[in-house]
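Contents: one structure, followed by commentary.
In listed order, ligands and their atoms are each counted from 1.
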Amino acid sequence: EDLEAEIKDEEYFFSLDELTERERRDLEHKRILRDLAQDYKKAGAREQEERKNRYYMPEEKRRKVSFGAAEGEVSSPGFSLKRFLNAEQDVPERDLELEEIPMELGGEQGRWEEERLKTASLSFGAKKEREQGMREEQERYQLILEEEEMIEFVTTAITMKGTRSEKVSPRFLLNPDQEAHALSQAELKKQSMQEVRRSLPIFPYREDLLAAINEHQVLVIEGETGSGKTTQIPQYLMEEGYTNGGMKIGCTQPRRVAAMSVAARVAEEIGVKLGNEVGYSIRFEDCTSERTVLKYMTDGMLLREFLTEPDLASYSVILIDEAHERTLHTDILFGLIKDIARFRPDLKVLVASATLDTERFSSFFDDAPVFRIPGRRFPVDIFYTKAPEADYLDACVVSVLQIHVTQPPGDILVFLTGQEEIEACCELLQERCRRLGSKIAELLVLPIYANLPSDMQAKIFTPTPPGARKVVVATNIAETSLTIDGIIYVIDPGFCKQKSYNARTGMESLIVTPCSRASANQRAGRAGRVAAGKCFRLYTAWAFKHEMEETTVPEIQRTNLGNVVLLLKSLGINDLIHFDFMDPPPHETLVLALEQLYALGALNHLGELTKLGRRMAELPVDPMLSKMILASEQYKCSEEVLTIAAMLSVNNSIFYRPKDKVVHADNARMNFVVPGGDHLVLLNVYTQWVESGFSTQWCYENFIQFRSMRRARDVRDQLEGHKTPPTPNTHIHTKSLLSLTAGYFYHTARLSKGGYKTVKHQQTVYTHPNSSLFEEQPRWLIYHELVFTTKEFMRQVIEIESAWLLEVAPHYYKSKE
Ligand code: ADP
Ligand code: MG
């Protein structure tokens with residue numbers, strides 16, 4: 001209303017020509033603000049109306065307490081949307097200019113924006129102090145790290161609103177040593193675990209939640225990351241008797257690490273051995289038993305359970321967790337579970353999600369009620385770099401050290417895209433710390449990514465010792481799936497690794513791309529769980545607004561569907577076009593999947609499942625890999641091909657290449673090279689390892705990662721269960737290569753004048769420099785996967801003869817040649 005008045009005044013008193021450029025922009029800006037405010041008012045009213053018609057939502061309670069600025073929030077000096085947009089022209093105070101960026105915070109957006117509009121009129125109170133503070137930081141930093149360029153960040157106004165202002169509860173104290181002495185470790189642990197359970201945001205709503213579940217078959221549950229959805233809800237249900245009579249509660253996770261780690265945590269909270277009452281099941285690893293009633297599993301594993309138990313009769317509750325991730329498997333589960341819920345009225349279906357998209361889940365499940373667990377978040381200040389960072393890995397390292405020497409206690413969380421990057425970052429950090437020695441406080445550097453062995457994974461959860469600081473370098477896993485207590489600082493380079501699929505060419509590749517704004521906001525949110533936090537974005541505010549997508553595209557729309565189409569066909573679902581997809585995949589993608597399955601021999605010309613197709617579906621791997629394994633029976637080289645399949649599944653973590661022994665490691669690797677290509681090199685490594693008696697020492701001497709090998713052996717054992725008995729070895733390598741071709745004939749590349757091109761679509765691709773065939777350049781290649789980094793690289797390649805293509809895939813290649 002104030003704005004409205006101001007605008008009127010200005011319009012009344014000045015004609016537009018009389019205004020200076022700047023004033024005119026101000027006026028324009030005010031108008032934008034006014035419109036925004038009006039929109040939100042309207043939206044707010046609508047929301048209220050809708051809410052009345054809905055089931056009870058704890059959200060309403062929160063509304064009362066959470067209004068008004070939370071304690072410790074930075075007020076907004078100089079709110080300037082316009083200036084932000086024209087940052088280049090408004091030079092004077094750019095350093096300290098606090099830029100305002102619209103943030104999308106799901107359901108909280110309305111209130112957040114309102115809040116922001118209120119504070120918008122406050123102005124530059126804190127500028128002087130800030131300048132002073134920054135100078136001091138800089139000096140302190142340079143005193144310690146002379147050679148480093150400090151990264152200059154600019155801050156926004158209040159960026160993420162906190163939802164609570166009360167004091168930090170004792171367990172969040174940053175120096176736990178104060179009270180730690182009185183009790184023994186074990187006692188302390190047990191006590192603190194129960195204390196933690198009771199202190200979680202979900203705890204006060206236990207009864208309401210159970211009542212809601214009792215009353216409704218399908219319930220959507222929304223709650224901030226860390227509120228206790230994953231670990232607590234299944235326990236409440238157990239306590240309430242949902243597992244009586246041996247009925248199971250299933251809880252799905254999109255990521256294997258999350259399934260494992262959460263199961264371990266819950267087993268510990270309940271006080272049972274992991275694998276007994278509480279277990280987990282992920283691909284190639286089943287940690288459950290007859291006694292297991294609470295089962296955490298990947299969404300893919302639950303999908304597979306449909307093959308053996310199409311009505312999930314042994315489950316009383318299915319909790320589809322992390323629904324907002326919208327992985328391919330989760331999306332397919334939605335359709336299947338919605339379907340079986342109709343004829344299994346006793347089955348409870350819970351869909352849990354971070355504060356994103358819940359309305360969509362609700363409407364998909366025939367307007368199921370939404371249960372909101374009030375969040376608990378402290379405000380997070382968001383900083384952007386002034387200019388784009390050329391090397392974000394290096395920028396991460398610098399930022400971590402920068403925080404470490406200039407900022408008060410609190411742990412740091414860094415988001416990177418994958419294992420290689422994470423390892424590189426950790427190494428760099430450790431090296432820097434070693435060099436700085438006692439000049440800086442202790443910095444514990446801990447990685448977390450999917451392939452990390454579980455004992456290492458557990459480390460990220462151990463409390464930081466007093467005086468030290470922990471930095472966790474993670475993939476997206478830490479965005480919402482895992483909650484690490486004690487994080488105050490988040491460093492977000494703004495990238496993630498994404499699958500992308502070209503439905504025209506059928507090419508799938510992993511690409512490092514900018515993450516979505518929704519992701520970035522989830523990441524930032526991780527800084528505000530235990531106290532007011534800071535998020536350092538290694539990109540500019542401009543990039544946030546203009547170069548990032550609003551939300552991540554659901555995986556179903558950017559991936560090869562071969563796998564799920566085969567699975568659905570095996571479940572007797574033939575009409576895929578009319579399957580109940582939450583977001584249907586592109587038509588071409590479906591068609592292409594059918595075509596590929598036909599070419600592989602899994603479907604007949606009527607699109608029906610063949611015998612081979614059924615066997616392929618039973619193998620827990622992608623269609624091409626399963627075809628390759630099954631083809632090896634025919635070529636009588638199953639032993640070898642199974643090994644290759646197992647080694648491929650632990651891909652890229654076999655060879656160990658420490659920085660200080662690069663030459664040794666590379667020599668060791670060269671010793672494994674055999675003619676034919678990378679797959680045969682992998683086979684060679686495995687065979688030699690077997691000959692060494694699965695020796696750790698052998699691995700160590702040959703720069704091979706023992707853990708990966710052990711995992712490959714487990715995978716191999718699992719796959720072996722599906723095959724027919726072995727036969728004698730003759731020309732085994734050629735035969736293995738033939739089997740590989742039978743599965744992967746889609747992935748053929750041919751050398752022509754300009755280099756390698758894929759056969760079907762003439763796309764230019766390159767051999768990965770790590771490949772044993774990097775220099776050889778055979779005419780025909782088959783690759784295992786494409787990875788796009790600087791170029792479109794083929795990773796794991798073998799040499800083949802073109803005649804084999806005709807032999808293994810006549811219908812596919814005849815037309816072409
Ligand atoms: P949500 O699913 O709502 O994101 P969780 O149930 O995963 O929340 O986590 C609730 C709390 O449980 C976390 O804040 C953390 O304190 C604790 N927690 C969860 N997993 C672990 C773990 N592996 N180790 C230690 N604490 C954990
Ligand atoms: Mg969770």
Side-chain angles (χ1 to χ4, degrees), residues 58 168-173 176 188-190 192-206 209 220-238 249 251-270 274 278 280 294 296-299 319-325 327 330 350-356 358 371-378 411 413 446 448 452 454-464 470 472 474 476-487 522-523 525-531:
V168 182
S169 68
R171 76 184 183 98
F172 294 135
L173 279 180
L188 196 72
K189 198 168 178 188
K190 203 164 148 207
S192 85
M193 203 167 277
Q194 289 316 311
E195 216 173 89
V196 169
R197 283 197 68 190
R198 278 194 299 273
S199 72
L200 291 174
I202 199 171
F203 184 72
Y205 300 95
R206 186 182 181 280
L209 181 64
V220 178
I221 302 167
E222 175 194 303
E224 198 76 58
T225 301
S227 54
K229 301 181 294 299
T230 313
T231 55
Q232 303 307 304
I233 295 173
Q235 288 191 68
Y236 295 169
L237 291 166
M238 272 175 95
I249 297 170
C251 174
T252 68
Q253 294 291 316
R255 302 156 195 281
R256 24 187 307 135
V257 184
M260 288 158 74
S261 124
V262 163
R265 168 70 182 186
V266 171
E268 199 180 357
E269 283 184 13
I270 300 180
L274 183 62
V278 181
Y280 66 87
L294 172 48
Y296 287 93
M297 59 191 132
T298 50
D299 44 11
L319 168 56
I320 306 181
D321 202 358
E322 303 282 315
H324 63 272
E325 289 256 349
T327 60
T330 291
L350 308 177
V351 178
S353 148
T355 48
L356 280 168
T358 34
F371 192 97
R372 291 208 168 90
I373 302 159
R376 181 168 68 178
R377 188 163 67 203
F378 294 89
D411 296 336
L413 175 61
L446 301 170
I448 177 97
L452 193 72
S454 30
D455 49 325
M456 300 272 289
Q457 282 170 24
K459 278 197 190 153
I460 63 165
F461 295 109
T462 53
T464 314
K470 177 161 80 181
V472 177
N476 268 348
I477 177 103
E479 222 171 86
T480 60
S481 308
L482 290 185
T483 308
I484 307 155
D485 288 332
I487 301 293
Q522 284 293 339
R523 291 176 177 188
R526 301 289 68 77
R529 275 199 66 251
V530 295

Side chain to side chain contact (heavy atoms under 4.5 Å, CB included) involving Ser481 - partner list, sequence neighbours excluded: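 Result, side chain to side chain contact (heavy atoms under 4.5 Å, CB included) vs Ser481: Arg255, Ala258, Glu322, Glu325, Ile477.
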Counterpart residues, side chain to side chain contact (heavy atoms under 4.5 Å, CB included), relative to Ala323 (two or more places apart):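 Residues passing side chain to side chain contact (heavy atoms under 4.5 Å, CB included) with Ala323: Phe334, Val351, Ser353, Phe361.
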Between [X] and ligand 1, which residue portion shows a heavy-atom distance shorter than 4.0 Å: side chain, backbone, both, or neither?
| X | answer |
| --- | --- |
| Arg265 | side chain |
| Glu224 | backbone |
| Leu200 | side chain |
| Asp485 | side chain |

Contact check: Gln232 vs ligand 1, nitrogen or oxygen atoms, below 3.5 angstrom: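 No, no N or O pair falls under 3.5 Å.
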Sub-3.5 Å N/O-N/O distance, Val262 and ligand 1: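 No: no nitrogen or oxygen of Val262 is under 3.5 Å from one in ligand 1.
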Using 0.5 Å steps for rounding, measure from the [atom1] atom of [X] to the [atom2] atom of [Y].
| X | Y | atom1 | atom2 | value |
| --- | --- | --- | --- | --- |
| Glu479 | Leu413 | CD | CG | 10.0 Å |
| Thr298 | Tyr280 | OG1 | OH | 11.5 Å |
| Leu446 | Ile484 | CG | CD1 | 9.0 Å |
| Arg523 | Thr480 | CZ | OG1 | 11.0 Å |
| Asn476 | Gln522 | CG | CD | 10.5 Å |

Check: Leu482 and Ile460 side chains under 4.5 Å, non-hydrogen atoms: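 The answer is yes, as the side chains (C-beta and beyond) meet within the 4.5 Å cut-off.
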With heavy atoms of [X] as the reference, note each atom of ligand 1 found under 4.0 Å away.
| X | result |
| --- | --- |
| Thr225 | 4 (O) |
| Arg529 | 14 (O) |
| Ser227 | 1 (P), 3 (O), 8 (O) |

Shortest non-hydrogen contact between Asp299 and Thr252, atoms and distance: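 Taking every non-hydrogen atom into account, CA-CB, 4.0 Å.
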Non-hydrogen atoms of Pro234 and Ile249 that approach each other most closely: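 Looking at all heavy atoms of both residues, the closest pair is O-CD1, 3.7 Å.
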Contact with ligand 1 for Gly223, non-hydrogen, under 4.0 angstrom: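 Outside the 4.0 Å threshold, so no.
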Ligand 1 contact by Arg197, heavy-atom criterion under 4.0 angstrom: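 The answer is no: ligand 1 sits nowhere under 4.0 Å from a heavy atom of Arg197.
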Metal site the Mg ion (ligand 2), protein N/O/S atoms found under 2.8 Å: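 Of the protein's nitrogen, oxygen and sulfur atoms, 1 lie under 2.8 Å from the Mg ion (ligand 2).
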Arg206: salt bridge (charged side-chain N to carboxylate O under 4.0 Å, His left out) partners, not counting sequence neighbours: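 Listed in chain order: Glu239.
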